[in-house]
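A short worksheet on the structure shown next.
Quick note on labels: first sequence line is chain A, next is B, and so on, each numbered from 1.
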There are 2 protein chains.
Amino acid sequence: MAVTLKDLARELGISITTVSRGLAGYDDVAEETQLRIKDTAERLGYQPNLTARRLQKQQTGILGFIMPTFGPRFSDPFFSEFIAGIGNEAANHDFDLLVSTHPPDSDGERKTYQRAVTRAWVDGLIVVRTREEDARIQLLCQHNFPFVAFGRTDDEYDFPFVDEDSEAGMRALVQHFIDLGHRHIAFISPPSGLMFGRYRLKGFQDTMADNGLPVPSGWIVEGDMTQRGGAELTEQILALTPRPTAILAGNDLMALGVMNRLQQHGFTVGEDIAVGGFDDIPLVEHTHPPLTTIHQPIYEIGRRTCDMLIDIINGRSPTNPHVLLTPTLVVRASSGQPIA
Amino acid sequence: MAVTLKDLARELGISITTVSRGLAGYDDVAEETQLRIKDTAERLGYQPNLTARRLQKQQTGILGFIMPTFGPRFSDPFFSEFIAGIGNEAANHDFDLLVSTHPPDSDGERKTYQRAVTRAWVDGLIVVRTREEDARIQLLCQHNFPFVAFGRTDDEYDFPFVDEDSEAGMRALVQHFIDLGHRHIAFISPPSGLMFGRYRLKGFQDTMADNGLPVPSGWIVEGDMTQRGGAELTEQILALTPRPTAILAGNDLMALGVMNRLQQHGFTVGEDIAVGGFDDIPLVEHTHPPLTTIHQPIYEIGRRTCDMLIDIINGRSPTNPHVLLTPTLVVRASSGQPIA
DNA sequence: TTGAAAGCGCTAACAC
DNA sequence: GTGTTAGCGCTTTCAA
């Protein structure tokens with residue numbers, strides 16, 4: 001079916017080796033032979049067999065990305081954009097991207113990571129949504145398997161990562177609302193166990209404390225990162241006394257849920273109650289009102305994560321294996337005008 | 001590094017061949033030997049090398065999915081959900097999923113398809129967002145390369161596909177609005193060139209005609225599938241006379257854009273102006289107001305597409321190579337009450 | 001019941 | 001410059 005080196009060799013009446021080296025452009029092949037080789041390769045439509053090359057080189061040329069997703073209908077735009085980032089960068093370096101999805105901490109996830117470290121499945125992995133005591137990272141480190149994480153962890157392993165400074169981001173967001181005059185601010189935190197959630201929560205708590213603002217119990221609730229979750233928790237928050245003048249969510253999707261539920265209750269977001277999010281997913285620029293949030297360059301983060309991974313796979317140690325990006329505050333209408 | 005058949009053979013003092021067959025469970029291996037083999041394999045943590053197996057079997061065990069995306073910040077939730085569907089189904093059958101992204105009709109896209117058909121890159125492809133005169137499908141058909149499309153085309157090739165009946169879906173949507181009393185309905189169509197856009201447009205036009213409702217020029221505008229696009233076109237639509245009482249969009253993302261822009265202009269969606277979408281992405285259940293739309297089971301479609309592809313790769317001809325699913329109308333508040 | 005040998009398509013060390 | 005040979009790890013005839 002497909003044209004192989006052997007076919008070319010037969011056609012040209014020379015050895016397979018010479019053909020191989022001619023194609024690779026080695027300079028120990030007569031110039032004229034080179035030309036003849038490349039010519040017939042072209043003519044016969046030769047394409048090297050990647051599997052064979054991989055076997056020989058003991059490399060797969062494939063990067064793995066295991067998405068930690070809950071049920072099937074997840075729609076966190078984070079993932080599409082992140083995949084685009086790593087995928088395009090991988091393609092630039094002639095790597096392919098293998099994607100699989102597993103619920104976090106599930107058996108399937110464990111098996112897949114196990115497979116990665118024990119058989120020659122992929123050359124390296126990209127890990128996202130790092131967790132406290134992250135078993136994936138422990139495994140990868142123990143096996144000395146090439147990977148880069150988007151996010152840090154709290155254990156003692158030293159590993160390459162790209163991360164955004166969630167704490168700094170959340171500080172900026174909270175301070176913005178405090179500067180607008182808000183004193184009663186409720187917070188919907190990401191699920192505990194996720195490192196970035198922890199940083200965002202800390203950013204909230206510290207900034208409130210720094211400004212001498214108490215955070216009574218019940219003013220911090222734990223969400224599930226979904227829009228529905230944000231909507232439901234809004235009910236609890238509206239029952240607080242005094243009623244919060246601002247609600248901040250640990251991610252944009254939850255913030256959207258909050259806005260919608262508030263509107264259903266007849267509140268005008270940005271006037272009656274202010275809302276803030278985190279991520280700056282493309283959607284929130286066009287909501288009504290547009291959402292004040294913290295911008296993360298997800299595509300760019302994907303690109304850099306992938307780039308670092310490829311460096312590691314190729315045996316180059318990355319210039320800076322611990323990249324921490326500072327996200328920026330994006331003020332839109334949902335945070336409203338200064339209040340009394 | 002990794003344990004190979006050779007290692008096992010040496011350890012056991014038997015031949016590689018026997019080990020291989022023992023592991024595969026051939027019944028021409030002494031039961032006792034079988035046990036010893038499996039035992040040491042377990043003990044030494046043997047995992048077969050996939051690349052070697054692939055080379056031998058002349059199969060990659062990989063399915064390819066080339067996402068047609070525009071710029072980096074695409075966030076159509078369609079893709080995340082679709083990937084989850086095909087990915088999980090692929091995993092069930094021990095296939096991996098390779099994902100790459102390219103702008104539609106770009107050079108990169110062409111090269112990638114070319115690569116798929118000429119070298120042993122993947123065992124089969126999944127094609128989405130079929131186009132008029134779709135070059136990808138023509139190429140795949142000519143090379144007799146295994147693939148399944150989500151969507152049909154207008155040319156003469158006969159190929160396996162899964163599709164939802166966009167025309168029927170749009171008919172249901174339009175009829176719903178007409179039944180509510182709307183006579184002046186504007187439509188934002190998907191970009192021309194995409195097959196599903198064509199069906200949705202036809203569904204709109206035919207249903208209007210069937211109900212004796214004229215559609216003056218300017219009442220159908222072409223959108224780009226994004227929220228921003230929907231928002232911007234809303235301006236044009238609001239300038240029409242008489243002002244439309246309902247605006248229908250070719251997908252949910254655009255419908256969201258429409259709703260938001262209407263709200264910015266002070267309209268109450270579902271009262272002053274009704275809005276309808278298409279896709280039922282998870283987001284729109286929780287918008288304010290929730291969006292009336294046509295539900296497509298994207299995850300399920302991904303699953304079935306993948307399933308059919310695996311059948312084809314394995315040489316089983318699919319029971320039904322032309323699956324057409326009828327999407328369902330989901331009525332929510334954005335379509336409002338019957339009007340005069 | 002087991003083993004030797006060939007071969008998948010490619011690369012690379014080492015002759016000639 | 002070019003060819004011979006070996007080998008990546010696995011599966012599969014074919015003999016023994």
Hey, does the side chain of [X] come within less than 4.0 Å of [N]'s phosphate (OP1/OP2), counting only N and O?
{"X": "S15(A)", "N": "dG3(D)", "value": "yes"}
{"X": "Y26(B)", "N": "dT12(D)", "value": "yes"}
{"X": "T33(B)", "N": "dT1(C)", "value": "no"}
{"X": "K6(B)", "N": "dC8(D)", "value": "yes"}
{"X": "S20(A)", "N": "dT11(C)", "value": "yes"}

Note to self: Classify the ring geometry of F65(B) against F79(B): parallel below 30°, tilted from 30° to 60°, perpendicular beyond 60°.
What the structure shows: tilted
Next item on the list: Kindly say whether, by distance alone, the side chain of T17(A) makes a donor-acceptor pair under 3.5 Å with the base of dA12(C)?
Entry: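 Checked by distance alone, the answer is yes.
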Check: Quick check, are the ring centers of Y113(A) and F145(A) under 6.0 angstrom apart?
Finding: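 Ring centres of F145(A) and Y113(A) not closer than 6.0 Å.
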Notebook entry, point to check: Within the structure shown, what part of the strands sits under 4.0 Å from T4(A) by heavy-atom distance: base, sugar-phosphate, or nothing?
Noted result: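 Touches sugar-phosphate only.
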Next item on the list: Return yes if some donor-acceptor pair links the side-chain N/O of D311(A) with the main-chain N/O of M308(A) below 3.5 Å, else return no.
Entry: no
Item checked: Proximity to DNA chain D (any heavy atom under 4.0 Å), residues of residues 41-63 of chain A only -> L55(A), Q56(A), Q58(A)
Rounded to the nearest angstrom, tell me the gap between atom [atom1] in [X] and atom [atom2] in [N].
{"X": "L5(A)", "N": "dT5(D)", "atom1": "CG", "atom2": "P", "value": "18 Å"}
{"X": "R21(B)", "N": "dG3(C)", "atom1": "CZ", "atom2": "C1'", "value": "8 Å"}
{"X": "I16(B)", "N": "dC14(D)", "atom1": "CD1", "atom2": "P", "value": "20 Å"}
{"X": "D7(A)", "N": "dC8(C)", "atom1": "CG", "atom2": "P", "value": "11 Å"}
{"X": "L8(A)", "N": "dT2(D)", "atom1": "CG", "atom2": "C1'", "value": "16 Å"}
{"X": "R10(A)", "N": "dG3(D)", "atom1": "CZ", "atom2": "P", "value": "15 Å"}

Check: So which one's nearest nucleotide on DNA chain C is more toward 5', D28(A) or V29(B)?
Finding: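 Closest to the 5' end, via its nearest nucleotide, is V29(B).
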Item checked: Cationic N near anionic O, under 4.0 Å, D105(B) to R110(B) -> yes
Check: Between the side chains of N88(B) and Y299(B), is a donor N or O closer than 3.5 angstrom to an acceptor N or O?
Finding: yes
Item checked: Between D134(A) and T153(A): side-chain donor-acceptor atoms closer than 3.5 Å -> no
Margin query: Could you check whether R129(A) makes a cation-pi contact with F78(A), meaning its NZ or CZ is under 6.0 Å from the centre of the six-membered ring and within 45° of the ring axis?
Written below: yes
